[in-house]
Structures are given as structure tokens and as C-alpha cells.
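Order of listing sets the numbers, starting from 1, for every ligand and every atom in it. The analysis underlying the following values was restricted to heavy atoms, covering all of them including side chains, and did not include hydrogens, waters or symmetry mates.
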Amino acid sequence: MINGLPGPMATAAAESCLRKGLDLCPVGLTGPTVAAGTVTVRAGGREQAVALRPAAEGALPKVARELRELGPVICVDYTHPTAVLGNTAFYVEHGLPFVMGSTGGDRKAQDELLGGGHMCVIAPNMGKQIVALQLALEKLAADFPGCFDGYALDVAESHQASKADTSGTCLAVVDTLAKLQGPASPPFPPSAIKLVRDRESSLAFGVPESSLSSGHAHHTYRLTSPDGSTRFELQHDVDGRGIYADGTADAVRFLGRQIERGGESRTYTMIDVLEAGALE
Ligand SMILES: NC(=O)C1=CN([C@@H]2O[C@H](COP(=O)(O)OP(=O)(O)OC[C@H]3O[C@@H](n4cnc5c(N)ncnc54)[C@H](OP(=O)(O)O)[C@@H]3O)[C@@H](O)[C@H]2O)C=CC1
Ligand SMILES: O=C(O)C1=N[C@H](C(=O)O)C[C@H](O)C1
């Protein structure tokens, strides 16, 4: 069940699911400004229609009834920061396993709704190579905590102007880098992340014109020693949405396998999916 159509990320995820041989649920939740209707998803020589249902509170019981008639589904959520908690509550109330790529929600409140026992994958980044990079940084921080103590962090991220929130990926990477820094490092609150959203600044940041509005994620993280003599830079630049979409379809299959073999009902991350060898 793809929720967030006809948004660009939900569309890319639906296409990747089709290409990877998964079937789309014929109904999906959509946002408040989207007219009711049907979208046709085409990819990999296949085509399936999805009827859009408003995610408004009053309309949800009817959607839940439709889903009960359709049989088991796994939901994919690429919606909006403001939709994260409401959609999570819907998935929990109706026992729907889900893969959530939507960022910007209140993660603590979301965990409270999940209660630690709901089958889902939640990750701010579904791109295999970026997940691998996150895992490598986590391992570095576990092996050498504080080895960048005293180093100052400087972070900038550019995305399409329509992006509502600070990059969830960026926030997660900053959390990991904080473990590599130490008490002598200057504090780096999330508000210190430089958000690049306007055309001229994104072009100056190296974003190709063709990716400005169609979707991009260019991230740069810099660590500088206290005397300025030593600098480290980590950069990942993604144009388009293909790598997240492919990881999403892999996460759906991962959850499907967990359900089939009676795996633990809990919140998985994309690092779990990567470690299970499920990211193609
Ligand atoms: N984890 C990952 O790898 C990635 C995560 N993302 C995240 O995915 C999310 C979606 O990105 P993107 O497609 O660019 O966003 P857009 O805002 O362009 O599209 C979101 C779509 O979801 C709709 N929507 C809003 N509320 C709901 C709801 N309650 N239920 C169903 N649909 C709803 C919107 O409708 P309306 O316009 O009416 O609000 C819109 O059609 C963002 O949070 C982004 O950060 C993006 C890329 C990768
Ligand atoms: O909205 C996007 O585009 C992206 N969102 C995710 C995030 O918030 O980190 C992943 C990637 O940056 C693209």
C-alpha cells in the first residue's frame, strides 16, 4: 500500500516495487490538497492503478474496511512531516506493517505509539550506499569514541525548495558524528545545520540545474581541528530518488520475510535490512 501518491517519492517507490515484482495495493492514502482519483503506476513493463483515499480522520475507517477485504498489505509511507504521527497511529490501530521513509515527525511520540512491538522499518534514508556509510560511521564511533574530540563540525544540506524539514539523514549523521567528537568540541545543535533551499544557493552548492526542483540531496559534513590545521570532509550528493526507491522495495520484501517466518515484531532500521543482506 503506497501512501503519499502522487508525491514524487511515493511514485518512485511504487515504480520500484513494480519493477521488483511486488504488487501494489489498489488503494493508497493521499494528502489534503490532492483531488480524489486514480493514479496509474507504470514500470518494468507492468502497470497498476491505485485509487487515492484522503488520509483525513473521518475517511480512515472506510479505508480500513477496504483493506480488510483486500487481505494482508505492507504499507509504504512517503508523505509529509505533519502526517507521520497520524499515519503511524492508523498503521498501529489496524495492525498494518509499514516501511516509513517520511521524515520530520516527532520520533519520540512515534515510538510511544509503536510501543516497541509493531512490525515496521523506519529510516530517514533508504539508499543502500548511504545506509552503508551510516553503518561505517556508527562502527567508527563505537571503536574510537571521541577520537575527533575538540574538532568543530560544520554541516550544510541542499534539497528541492519544496522540502519541508531539515534532512532526517543529516540529523542522524550529526548524531553519529557527535559520538566521534567529545566534550572539548563546540556544541552542534540541529539548528546549526545550514539548509540550502533556494535556486541560487543550491546552484552555488554544486547542484545541477536539472535536479533543482525534480529532487536532490547534496550533503557536506566538515570536521575541523581546534587550530584549523586539519580538516575532514564527508560528502554525499544524490540527484533524483532512485536509490531510496530501490531500498524501499527491498525493505518491503525484508518485512514480508520477517512476517512469513514469525520474526520479532519491532521497529527495524535500514541498517538491519542491510545487515540481513536484503539490500540489492
Ligand atoms: N527515507 C528516505 O530514503 C527518503 C525520505 N524522503 C522523505 O519522504 C517524504 C516525502 O517526500 P516527497 O515525495 O519529496 O514529498 P512531497 O511533499 O513532494 O509529497 C508528499 C505527498 O504526500 C501527500 N500527503 C500529505 N499528507 C499525507 C497523508 N497523511 N497520507 C498520505 N499522503 C499524504 C502530499 O499531499 P499534499 O500535497 O496534499 O500535502 C504529497 O502528495 C519526505 O518526508 C521526505 O523527507 C524523501 C526521500 C528519501
Ligand atoms: O526530502 C528529500 O528529498 C530527502 N529526504 C530524506 C531526508 O530528509 O534525509 C532523504 C534524502 O535526504 C532526500
L5 and side-chain contact (heavy atoms from CB on, under 4.5 Å): which partner among T79, L24, L52?
L52
Checking a contact table here: which protein heavy atom is nearest atom 15 (O) of ligand 1, and how many Å away?
T79 O, 3.9 Å
Considering distance alone, does some N or O of M126 sit under 3.5 Å from an N or O of ligand 1?
yes
Should L279 and Q129 count as side-chain neighbours, where that means a heavy-atom distance under 4.5 Å?
no
H94 versus L67: any side-chain heavy-atom pair under 4.5 Å?
no
Taking all non-hydrogen atoms of both residues into account, name the closest pair between L22 and A249 and its distance.
CD1-O, 3.9 Å
Short N or O distance, K163 and ligand 1, threshold 3.5 Å exclusive
yes
Pick, from G247, P8, S162, the option with the minimum heavy-atom distance to atom 16 (P) of ligand 1.
P8
Tell me the protein heavy atom at minimum distance from atom 14 (O) of ligand 1, and give that distance in Å.
R241 NH1, 3.0 Å
Flag yes if I130 and L171 sit in one hydrophobic cluster, no otherwise; membership is Ile, Leu, Val, Met, Phe, Trp, Tyr, and two members link when side-chain heavy atoms are under 4.5 Å apart.
no
Please give me the minimum heavy-atom distance between D149 and P183, naming the atom from each residue.
OD1-N, 3.2 Å
Considering all heavy atoms of both residues, which atom of P6 and which atom of T11 are nearest to each other, and what is their separation?
O-OG1, 3.3 Å
Note: ligand 2 atoms sitting under 4.0 Å from heavy atoms of T169 are 7 (C), 9 (O), 10 (C), 12 (O)
Taking only heavy atoms of S167 into account, list the atoms of ligand 2 that are under 4.0 Å away from them.
7 (C), 8 (O), 9 (O), 12 (O)
Atoms of ligand 2 close to T103 [distance to a heavy atom under 4.0 angstrom, numbered from 1]
7 (C), 8 (O)
Regarding H80 and D165, is there a side-chain donor-to-acceptor distance under 3.5 Å anywhere?
no
Residue among S210, S214, S211 satisfying side-chain hydrogen bond (donor to acceptor under 3.5 Å, both in side chains) with D239:
S211
Please list, in number order, the atoms of ligand 2 under 4.0 Å from a heavy atom of G168.
7 (C), 8 (O), 9 (O)
Heteroatom distance test (P32, ligand 1): nitrogen or oxygen, under 3.5 angstrom
yes
Those atoms of ligand 1 less than 4.0 Å from some heavy atom in A83:
26 (N), 27 (C), 28 (C), 29 (N)
Among all protein heavy atoms, pick the one closest to atom 11 (C) of ligand 2 and tell me residue, atom and distance.
Y244 OH, 3.5 Å
Heavy atom under 4.0 Å from ligand 1: found in A164's side chain, backbone, both, or neither?
neither
What atoms of ligand 2 come within less than 4.0 Å of a heavy atom belonging to H159?
2 (C), 3 (O), 4 (C), 11 (C), 12 (O), 13 (C)
At under 4.0 Å between heavy atoms, is it the side chain or the backbone of T103 that contacts ligand 1, or both, or neither?
both
Atoms of ligand 1 less than 4.0 Å from A123 heavy atoms?
1 (N)
Mark up the atoms of ligand 1 that fall under 4.0 Å of a heavy atom belonging to P124, in ascending order.
1 (N), 2 (C), 3 (O), 4 (C)
As an exercise, state the distance from CD of Q160 to OG of S213, rounded to the nearest 0.5 Å.
8.5 Å
Applying ring pair (Phe, Tyr, Trp, His ring centres under 6.0 Å), which residue pairs with at least one partner in residues 128-163 are found, sequence neighbours left out?
F148-Y151, F148-F232, H159-H219
With side-chain contact (heavy atoms from CB on, under 4.5 Å) as the test, pick out the partner of E157 among T166, V173, V196.
T166
When distances are taken from atom 8 (O) of ligand 1, the protein heavy atom at minimum range is Y78 CD2, 3.2 Å
Determine the minimum heavy-atom distance between V92 and H118, stating which atoms define it.
CA-CE1, 3.7 Å
Tell me which protein heavy atom sits closest to atom 40 (C) of ligand 1, plus the residue, atom name and distance to 0.1 Å.
G4 O, 4.0 Å
Relative to atom 10 (C) of ligand 2, which among A172, A164, P124, A217 owns the nearest non-hydrogen atom?
P124
Which heavy atom of C25 sits nearest a heavy atom of L70, and at what distance?
SG-CD1, 3.9 Å
Within a distance under 4.0 Å of any heavy atom of A55, pick out the atoms of ligand 1 and give their elements.
28 (C), 29 (N), 30 (N)
Please name the residue in the list T248, N87, N3 that meets the side-chain hydrogen bond (donor to acceptor under 3.5 Å, both in side chains) test with D77.
N87
For ligand 2, is there an atom lying under 4.0 Å from some heavy atom of Q160?
yes
Atom CD in E15, atom CG in D246: separation rounded to 0.5 Å?
10.5 Å
Please list all pairs meeting ring pair (Phe, Tyr, Trp, His ring centres under 6.0 Å) that have one or both residues in residues 256-277, counting only residues at least two apart or in different chains.
F254-Y268
Atom 35 (O) of ligand 1: which protein heavy atom is closest, and how many Å away?
G31 CA, 3.3 Å
Top protein contact for atom 1 (O) of ligand 2, by heavy-atom distance:
K163 NZ, 3.0 Å
Mark up the atoms of ligand 1 that fall under 4.0 Å of a heavy atom belonging to Y244, in ascending order.
3 (O), 47 (C), 48 (C)
Ligand 2 versus M9, non-hydrogen atoms closer than 4.0 Å: side chain, backbone, both, neither?
neither
Any atom of ligand 2 sitting under 4.0 Å from a heavy atom of H219?
yes
Pick from G28, A35, A217, G101: the one approaching atom 5 (C) of ligand 1 most closely through a non-hydrogen atom:
G101
To which protein heavy atom is atom 13 (O) of ligand 1 closest, and what is the distance rounded to 0.1 Å?
M9 N, 2.9 Å
Heavy-atom nearest neighbour in the protein, as seen from atom 30 (N) of ligand 1, with distance rounded to 0.1 Å:
N87 ND2, 3.2 Å
To which protein heavy atom is atom 37 (O) of ligand 1 closest, and what is the distance rounded to 0.1 Å?
T33 OG1, 3.2 Å
Side chain, backbone, both or neither: T248 near ligand 1, heavy atoms under 4.0 Å
neither
Within-4.5 Å side-chain heavy-atom neighbours: H236 and Y221
yes
